[in-house]
J.: 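Quick one: this structure, given as structure tokens, is what I'll be asking you about.
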Amino acid sequence: MADHSNNTTTHRRPRSIDANDEPLSNTPVNRVTIRSVRSLCGSKHAQNSTGGIVLGPDHHHPQHEPLSILECLKVILFATRINILLVFIPLGFLASKLHWAPVTVFVINFIAIIPLAKLLGYATEEIAMRLGDNLGALLNASFGNAVELILSIVALKEGKIDVVQASVLGSVLSNLLLVLGLCFICGGYKFQQQKFNQTAAQTSSSLLSLACLSLLIPAAFVATAKEIDHQSHIQSLSYGTSVVLLVVYVLYLFFQLKTHTHLYATENEEEEEPLLPVWMSIALLLVVTLVVALCAEFLVDSIEGLSESWHISPTFIGLILLPIVGNAAEHVTAVTVAMKNKMDLAIGVAIGSSMQIALFVTPVMVIIGYFIGQPMTLFFNTFETCIMFVSVLIVNYLIQDGESNWLEGVQLLSTYVIIAIAVFYYPADA
């Protein structure tokens with residue numbers, strides 16, 4: 001339980017929420033939100049006047065009775081409106097097994113992964129709330145971009161290295177430019193000026209600059225070295241750099257969770273109580289991960305056919321389309337909290353997710369490529385490296401004053417649109 005003598009509570013990563021989520025009361029204590037009550041609709045607990053919530057003796061600390069398996073399934077299915085898209089999962093399996101058109105297979109599995117990403121976050125949060133602040137935050141950090149990691153592993157296993165590189169870069173760009181831009185615009189629509197923790201934001205952006213440097217150095221190495229065959233040297237450079245990035249990421253977690261927790265504490269953040277039993281949360285996490293892996297495999301297998309049918313390059317698919325799959329729920333979360341003037345949370349979701357992909361997912365893919373015999377490196381082509389550099393540069397400029405407004409959001413969105421247009425016309429064989 002956080003100390004409520006001040007306005008600072010735990011810095012646990014916020015669960016993806018719907019726009020209609022509001023706490024049941026203004027008392028700053030652990031409680032179940034309206035989102036959770038809506039999850040209980042249809043269960044026997046939802047039949048009483050409190051919507052299934054049993055109030056404690058002081059009528060401020062809600063408690064809930066242990067749920068049966070059927071009620072747990074109802075909680076999961078009614079957790080969010082996005083779950084209506086779960087009907088696309090069997091359609092995706094059917095489309096792949098019956099060899100439907102690649103475009104159809106891609107679109108169906110693309111939609112199916114969106115609610116799965118939401119459920120993956122839901123299961124992770126349920127487990128994290130039982131582990132305490134530090135372990136819970138560590139679990140959230142580990143599974144925060146699980147969908148992107150699974151998609152990248154599946155693509156790497158099939159030798160689609162260009163898709164993997166475009167996907168991880170696209171995830172960084174979509175969070176830095178698209179999500180952060182929408183946060184600034186939507187928040188700026190309601191508030192003339194919004195403030196956030198300048199030190200925490202600049203720390204994250206500095207780490208992103210380090211990740212950008214890890215891509216610039218291999219590109220400069222290839223451009224300036226006189227040797228004709230650079231592949232072996234680039235691979236060795238990438239393996240060493242990846243180990244360094246992973247060490248930096250672990251140290252950053254220690255910095256965030258142990259030594260400088262005050263920089264990442266949020267004000268008046270609502271804490272929720274877990275609804276599912278531990279075994280059910282773990283089972284949900286494992287099952288959803290398996291289903292995501294299967295849908296991702298169907299999705300990746302259809303990329304080549306989609307590229308030929310729509311006459312778009314695999315780079316555009318990986319850089320622009322695939323990041324939407326794993327980040328859709330987080331996009332909604334960031335924009336929603338920005339409109340509530342909680343910019344620290346919004347920036348934590350947007351920039352924090354980008355940093356995790358750059359410092360964790362990317363080097364992990366390089367190391368996995370080493371063990372499965374795929375030559376995945378940190379040498380991105382010059383075009384992609386320049387995009388990354390410019391994006392990190394403009395974000396650093398805009399957040400250095402610790403304030404945001406809608407015009408800054410327009411600048412970020414404009415940058416993203418320009419990049420998307422350039423990637424669309426970028427030749428596939430370049």
J.: Considering non-hydrogen atoms only, spot the tightest contact between V105 and A95 and give its length.
T.: CG2-O, 3.6 Å
J.: Using a 4.5 Å cut-off on heavy atoms from C-beta on, say whether the side chain of E384 contacts that of T315.
T.: yes
J.: Where do S404 and M343 come nearest, in terms of heavy atoms and distance?
T.: OG-CE, 3.8 Å
J.: Looking at V163, is its backbone amide N or carbonyl O close enough to the side chain of S167 to form a donor-acceptor pair, meaning the two atoms are under 3.5 Å apart?
T.: no
J.: What is the distance from atom CD1 of I367 to atom CD1 of I372, rounded to the nearest 0.5 Å?
T.: 12.5 Å
J.: So does S238 get a backbone contact from the side chain of T241, meaning a donor-acceptor N/O pair under 3.5 Å?
T.: no
J.: When you compare the side chain of I399 with that of S205, does any pair of heavy atoms fall below 4.5 Å?
T.: yes
J.: Quick check: do S204 and L208 have side-chain heavy atoms less than 4.5 Å from each other?
T.: no
J.: If you round to the nearest 0.5 Å, how far is CG of L151 from NZ of K160?
T.: 12.5 Å
J.: Within this structure, what is the CD1-CG distance for the pair I418 and L413, rounded to the nearest 0.5 Å?
T.: 11.0 Å
J.: So, taking the atom named OG in S209 and the one named CG in L216, what distance separates them when rounded to the nearest 0.5 Å?
T.: 10.0 Å
J.: If you count every heavy atom of other residues, nucleotides or ligands that lies below 6.0 Å from F383 atom CZ, does the total exceed 12?
T.: yes
J.: Tell me, yes or no, whether the heavy-atom count around F255 atom CZ, taken from other residues, nucleotides or ligands under 6.0 Å, exceeds 12.
T.: yes
J.: With no hydrogens and no angle check, do the side chains of N109 and S96 hold a donor and an acceptor under 3.5 Å apart?
T.: no
J.: Less than 4.5 Å apart, any side-chain heavy atom of V172 and any of S391?
T.: no
J.: Hey, can you tell me if F196 and F184 have their rings parallel, tilted or perpendicular (30° and 60° cut-offs)?
T.: parallel
J.: Is any side-chain heavy atom of D401 closer than 4.5 Å to one of E408?
T.: yes
J.: State the CG-SG distance between L275 and C72, to the nearest 0.5 angstrom.
T.: 9.0 Å
J.: Where the side chain of Q374 meets the backbone of I161, is there a donor-acceptor pair that is under 3.5 Å apart?
T.: no
J.: Tell me the closest heavy-atom pair linking L245 and A358, and the distance in Å.
T.: CD1-O, 4.3 Å
J.: When you measure from the side chain of D344 to the backbone of N197, do you find a donor-acceptor pair of N or O atoms at a distance under 3.5 Å?
T.: yes
J.: Could you give the side-chain donor-acceptor pairs of residues 83-91 under 3.5 Å, partners two or more places apart or in another chain?
T.:
from: N83; atom 1: ND2; to: I76; atom 2: O; distance (Å): 2.8
from: N83; atom 1: ND2; to: L77; atom 2: O; distance (Å): 3.1

J.: Testing the basics here: between E126 and R130, what is the closest heavy-atom pair and its distance to 0.1 Å?
T.: O-CG, 3.7 Å
J.: Is the count of non-hydrogen atoms from other residues, nucleotides or ligands lying under 6.0 Å from Q193 atom CD greater than 12?
T.: yes
J.: Count the heavy atoms of every other residue, nucleotide or ligand shown that sit under 6.0 Å from OH of Y239, and state whether that count exceeds 12.
T.: yes
J.: Are L412 and L176 packed together at the side-chain level, in the sense that at least one heavy-atom pair is separated by less than 4.5 angstrom?
T.: no
J.: Please report the closest heavy-atom contact between V179 and A350, naming both atoms and the distance.
T.: CG1-CB, 4.1 Å
J.: Checking S174 side chain against S171 main chain: does a donor-acceptor pair fall under 3.5 Å?
T.: yes
J.: Nearest 0.5 angstrom please: L173 CG to S354 OG, how far?
T.: 8.0 Å
J.: Give a yes or no answer on whether the side chain of T261 reaches the backbone of L257 with a donor-acceptor pair at less than 3.5 Å.
T.: no
J.: Would Q165 and T377 count as a side-chain contact (heavy atoms from CB on, under 4.5 Å) here? Give the steps.
T.: CA-CA 9 Å; Q165 291 181 328; T377 68; 4.3 Å; yes
J.: Got a list of side-chain donor-acceptor pairs under 3.5 Å for residues 278-306, not counting sequence neighbours?
T.:
from: S281; atom 1: OG; to: P277; atom 2: O; distance (Å): 3.1
from: T289; atom 1: OG1; to: L285; atom 2: O; distance (Å): 2.6
from: S302; atom 1: OG; to: F298; atom 2: O; distance (Å): 3.4
from: S302; atom 1: OG; to: L299; atom 2: O; distance (Å): 2.8

J.: I234 and L378: side-chain contact (heavy atoms from CB on, under 4.5 Å), yes or no, with the steps?
T.: CA-CA 8 Å; I234 287 296; L378 293 177; over 6 Å; no
J.: Could you tell me which non-hydrogen atom of T385 sits nearest to which non-hydrogen atom of F380, and how far apart they are?
T.: OG1-O, 3.4 Å
J.: Does any non-hydrogen side-chain atom of L149 lie less than 4.5 Å from one of M365?
T.: yes
J.: Quick one: do I347 and C183 satisfy side-chain contact (heavy atoms from CB on, under 4.5 Å)? Show the steps, please.
T.: CA-CA 8 Å; I347 290 179; C183 288; over 6 Å; no
J.: Counting N and O atoms only, with roles assigned by atom type, does the side chain of Q194 sit under 3.5 Å from a partner on the main chain of A338, one being a donor and the other an acceptor?
T.: yes
J.: Side-chain contact, heavy-atom cut-off 4.5 Å: Y189 with W406?
T.: no
J.: Give the C-alpha distance, both sets of side-chain angles, the deciding distance and a yes or no for side-chain contact (heavy atoms from CB on, under 4.5 Å) between L276 and V75.
T.: CA-CA 8 Å; L276 303 179; V75 167; 3.9 Å; yes
J.: Quick check: does any side chain N or O of E403 sit under 3.5 Å from a backbone N or O of K195, one acting as donor and the other as acceptor?
T.: no
J.: Parallel, tilted or perpendicular: which fits the ring planes of F316 and F424, with parallel below 30° and perpendicular above 60°?
T.: perpendicular
